[in-house]
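Beneath this line is the structure, given in structure tokens, with notes to follow.
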Amino acid sequence: MNKARKIVSVLQELYPEAKCELNYRTPYELLIATMLSAQSTDKRVNIITKDLFASYNTPDKMVSLSEGELIELIRTIGFYNNKAKNILMTSHILLEKYGGEVPKTREELVKLPGVGRKTANVVISNAFGIPAFAVDTHVGRVTNRLGLTKSKNPNQIEIDVTSQLPKKLYTQAHHLFIFHGRKCCKAIRPLCDSCPLTVNCTYYKQNKQER
DNA sequence: AACTCGGGGCA
DNA sequence: TGCCCAGAGTT
């Protein structure tokens with residue numbers, strides 16, 4: 001078992017409940033929730049989408065909203081101008097090009113406005129069961145600290161991590177690294193004292209003498 | 001690879 | 001007031 005798999009198995013024991021914490025019922029809801037989650041938090045997104053999806057949970061219902069109306073519904077999330085514009089444009093494209101369905105490939109998803117590689121990976125892995133390792137700020141920070149990756153480029157981090165794990169673990173590993181990044185391996189003042197991974201951690205070894 | 005853009009929430 | 005927060009797009 002390589003280092004990456006050992007780390008994942010430790011995290012599996014530490015966070016047996018790790019999963020996508022965005023509330024959604026359909027691929028479309030997950031796509032929209034993930035677009036909303038950029039530079040925000042899952043908790044704030046869930047509060048908003050509870051009301052939003054009650055009335056606007058499909059592309060055809062969504063495009064019945066004006067941009068101003070959608071902005072009012074997502075105002076507390078921040079960056080609402082771009083997000084509202086992208087959600088409406090993406091919904092229009094889903095209707096015109098994909099029969100109102102969410103496409104099932106990363107290549108098609110990233111063509112949608114406001115959908116980057118991270119969001120596309122989240123959607124295909126969680127909604128369609130296609131193995132994908134989504135890299136966000138938490139994931140990159142954690143894998144870099146643990147010495148699994150050395151890049152700041154999310155694409156490179158994705159390549160490096162997936163090369164060390166079996167496809168079957170991609171999706172779960174993503175959620176495990178996020179959980180660890182949020183609960184323990186925080187950007188500021190990480191809780192190294194209660195972390196079971198310090199043995200394998202480059203960051204911990206480098207900062208040990210300063211602690 | 002580096003840079004810009006973008007805004008509410010919370011300490 | 002400053003800084004955080006499940007990124008995307010452009011150069």
Remember a base hit wins even if backbone is also touched, and classify [X] as base, sugar-phosphate or nothing at under 4.0 Å, heavy atoms.
X	value
V139(A)	nothing
P113(A)	sugar-phosphate
K111(A)	nothing
T119(A)	sugar-phosphate
L22(A)	base

Length of the line joining [X]:[atom1] and [N]:[atom2], which is rounded to integer Å:
X	N	atom1	atom2	answer
L30(A)	dA6(C)	CG	C1'	11 Å
F177(A)	dA6(C)	CZ	P	17 Å
N153(A)	dT10(C)	CG	P	17 Å
L31(A)	dA6(C)	CG	P	19 Å
M89(A)	dA8(C)	CE	C1'	13 Å
M35(A)	dG9(C)	CE	C1'	13 Å
R182(A)	dC5(C)	CZ	P	10 Å
N155(A)	dA1(B)	CG	P	9 Å

**Message:** For R75(A), I'd like to know if atom CZ has over 12 heavy atoms of other residues, nucleotides or ligands within 6.0 Å.
**Reply:**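 Result for CZ/R75(A): enclosed.
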
**Item:** K3(A), NZ atom: more than 12 neighbouring heavy atoms under 6.0 Å
**Value:**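 Correct, the count exceeds 12.
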
Salt bridge flag under 4.0 Å for residues [X] and [Y]:
X	Y	answer
R106(A)	E158(A)	yes
D42(A)	R182(A)	yes
E21(A)	K43(A)	no

**Message:** For residues L14(A) and L176(A): do they belong to one hydrophobic cluster (side chain heavy atoms under 4.5 Å, members Ile, Leu, Val, Met, Phe, Trp, Tyr)?
**Reply:**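 L14(A) clusters together with L176(A).
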
[N] to [M] separation - [atom1] atoms, rounded to the nearest Å:
N	M	atom1	answer
dG6(B)	dG2(C)	C1'	16 Å
dC5(C)	dC5(B)	C1'	15 Å
dG9(C)	dG8(B)	C1'	22 Å
dG9(B)	dA8(C)	P	22 Å

**Message:** Are the side chains of F179(A) and E17(A) in contact, using a 4.5 Å heavy-atom criterion?
**Reply:**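 Side-chain contact under 4.5 Å: yes.
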
**Message:** Given F133(A), which partner from the list V139(A), T171(A), D160(A), L169(A) fulfils the side chain to side chain contact (heavy atoms under 4.5 Å, CB included) test?
**Reply:**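 Option passing the side chain to side chain contact (heavy atoms under 4.5 Å, CB included) with F133(A): V139(A).
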
**Request:** Report the residue (R141(A) or A120(A)) whose heavy-atom-nearest nucleotide on DNA chain C is the more 5′ of the two.
**Result:**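 The residue mapped nearer the 5' terminus is R141(A).
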
**Complete:** Reading nucleotides 2-7 of chain B from 5' to 3' and marking B where a protein heavy atom lies under 4.0 Å of the base, S where only the sugar-phosphate is that close, and - otherwise, the string is ----BB

